[in-house]
Every structure is written in C-alpha cells, then in structure tokens.
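Chain letters run A, B, ... following the sequence lines, proteins first and then strands; every chain starts at 1. Since the structure is predicted, the reported quantities are computational estimates derived from the model, not experimental observations. FYI, side chains are in, hydrogens and waters are out, and symmetry mates aren't considered; it's all heavy atoms of this structure.
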2 protein chains.
Amino acid sequence: MSERDPTLMSGIPELVVLRLLAQQEMYGYEIARSLKVLSQDALTLGEGVLYPALHTMEARGLLRSRPKQVDGRTRIYYQVTPRGRKRLERLTASWQRVSEGVDRVLGAPSHE
Amino acid sequence: MSERDPTLMSGIPELVVLRLLAQQEMYGYEIARSLKVLSQDALTLGEGVLYPALHTMEARGLLRSRPKQVDGRTRIYYQVTPRGRKRLERLTASWQRVSEGVDRVLGAPSHE
DNA sequence: CACTATACCTCGGCATACGAGGTATGGAAA
DNA sequence: TTTCCATACCTCGTATGCCGAGGTATAGTG
C-alpha cells in the first residue's frame, strides 16, 4: 500500500564508522551516540545495523577489537587497521563522486 | 578475500530516475544515457538495475508508461504520476539530510 | 523495587543492486 | 553478404546488507 521508505544509505554505515574510528578508538555504543550527535540527527545507526557491521568489518580485516572492563561492564573497543584506512580512502572518494553526481542530477534545470 | 565494492547507492536509482522523469517523459535507454552524461559518469545505471526499477516503480504507482514505435523499434516512455512527484519530494529531502549528515561526519576534525 | 541508561548480541525478513545472459531491429563497415 | 555495433527491451540468480524486534546483563536512580 504505502511504499516503504528506501534505505538511502548503502555503504554509508561502513564509511562513517571507519571515519570515526580513524580519529580514535571507540566502542559500539559510543559510535552510535557519536554519530547521531555529529550528524545532527541525520544519521542514526540502529544496533541491528551497527553491531553486525562492526563484526563483518573486523572479519574483513578493516578493524581490530579489544575488550575492556569498565565499571563491571564490558566494552569492546575498535580501531582501524591499515587496510581499513585504505578502504576509508576509497569509500570516501567513491562517496564524493557519487554524491556530487546525484547533486548534479538533482540540480539539473527543471522548468517549474 | 578481497572485499567486494559496496554499492554506495541505495534508493539513488529511484531518486534520480524520478528526478529526470519529472522534467520530461523519457524511455529506459534514454534515461541510462542521460544519467551518465548529467552526472559526468559518476552514476551509471546498468540495465539490470534500471529496468527492474522502472517496473517496480510503475507497479507502485509512481510512474505510468506508454509504448511508442519509432523506426520499427519499441520504446517505452515513462512519466511521473502525482504520487511519484510526492515521492520525489520526500526522497530529495531525505537525500539532502543524509548527505549533509555524512559530509558533517567526514568533515569532522581529524588530527593529521 | 522498578525503571532507565549502558552495553553487548542474534535472528529473520526484505528490498534491491548487479552481472550475466537473452531477444530483436537498423545501419554501417568489411 | 555477412558481420558488427548501437539501439532497445527483458529476466534470472545471487549476494548484500539494512532494519526492526527481541534477548541478556549490569549499575545507578527514584
């Protein structure tokens, strides 16, 4: 009936997570909050997106993790590997390309 | 082993197709070419993406089509319905929001 | 004692991007 | 003539990966 909202973010979780972690080591929950704040609520990574993403990224060698006990709570801190940094560069370039492409199309002359 | 390039375009095909068609009626092949030119090669919609997308969009009432014979070739022209225009507005707003969000995250201070 | 915030996780569903492959016509080149 | 390219449509299978819903557990606050 009513069409479902399309995701409009593909690859974006990976891109922004890499970007955050490139600056400093962080743990999952922190990443989620940080992203919401930094993007001024434009980007919200649900836990169902974030955690699986972190796991596959680690499995691909883009991240490394280490658990840390803080106040009886377990946090898993992630950091970017060199391979992850290369990936970040590629994804960033790709994002810029595509987003400029979209903007050009959107900005194309309309006859309103 | 080597990670596969992520799509980095979700919802984008729908968005840009709607945008093009909002300006004028076009047929599939034309849309593909047009998109490539307008985006300066940043966006290339393969036929395996384009045609299925057009079909589902029509099924959802966002587009209407009519076939036309030109030089013994069949072209299927698409136009945007009012519903499609509403959708375009929503998607455009959403795109702007998200892309600005990403840019803010990417532009966040790094310590290089 | 209950509730919220913190902190992790998995599962199933679904949309959809994409390559590969298929049909057919018209025109230009070889 | 035959071959090839551009035009013009299509479908199928696969893989990805987003997402909501739900689950566990601790610490601190009302």
Specify the separation, in whole Å, of atom CG of A:L45 and atom P of D:dC18. 8 Å

Show me the dot-bracket string of DNA chain C, counting Watson-Crick or G-U pairs under 3.5 Å, with | for pairs to another strand and [ ] for crossing ones. ||||||||||||||||||||||||||||||

Could you give the CE-to-P distance, from B:M57 to C:dA15, as a whole number of Å? 16 Å

What is the distance from CD of A:Q69 to P of D:dA25, rounded to the nearest Å? 15 Å

If you assign each of A:G72 and A:P52 to its closest nucleotide in DNA chain D, which residue comes earlier from the 5' end? A:P52

Got a sec, which residues hit ring pair (Phe, Tyr, Trp, His ring centres under 6.0 Å) with B:Y77, two or more places apart in sequence or on another chain? B:Y27

What residues form a side chain to side chain contact (heavy atoms under 4.5 Å, CB included) with A:T92, not counting sequence neighbours? A:L15, A:L88, A:Q96, B:L106

What's the shortest heavy-atom distance between B:E58 and B:S65, and which atoms? OE2-OG, 2.8 Å

Where is the tightest heavy-atom contact between A:L50 and A:G28, given as atom of each residue plus distance? CD2-O, 3.2 Å

Between A:M26 (CE) and C:dA7 (P), how many Å, whole number? 11 Å

Between A:V49 and A:P52, the two heavy atoms sitting closest are O-CD, 3.5 Å

What pairs meet the salt bridge (charged side-chain N to carboxylate O under 4.0 Å, His left out) rule with one or both residues in residues 21-49 of chain A, with sequence neighbours excluded? A:E25-A:R66, A:K36-A:D41

Set of residues satisfying ring pair (Phe, Tyr, Trp, His ring centres under 6.0 Å) with respect to A:Y51, sequence neighbours excluded: none

Measure from CG on B:L91 to P on C:dA15 and round the result to the nearest Å. 16 Å

Expected string for nucleotides 3-10 of chain D under the B/S/- scheme (protein heavy atoms, under 4.0 Å, primed atoms plus P, OP1, OP2 as sugar-phosphate) is ---BBBBB

Separation of C:dA17 atom P from A:I12 atom CD1, nearest Å, is 13 Å

Is there a side-chain contact between B:V17 and B:L45, using heavy atoms and a 4.5 Å cut-off? yes

Gap between atoms CG and P, on A:L50 and C:dT10 respectively (whole Å): 12 Å

Quick one: closest heavy-atom pair of B:A42 and A:G101, and the distance? CB-CA, 3.9 Å

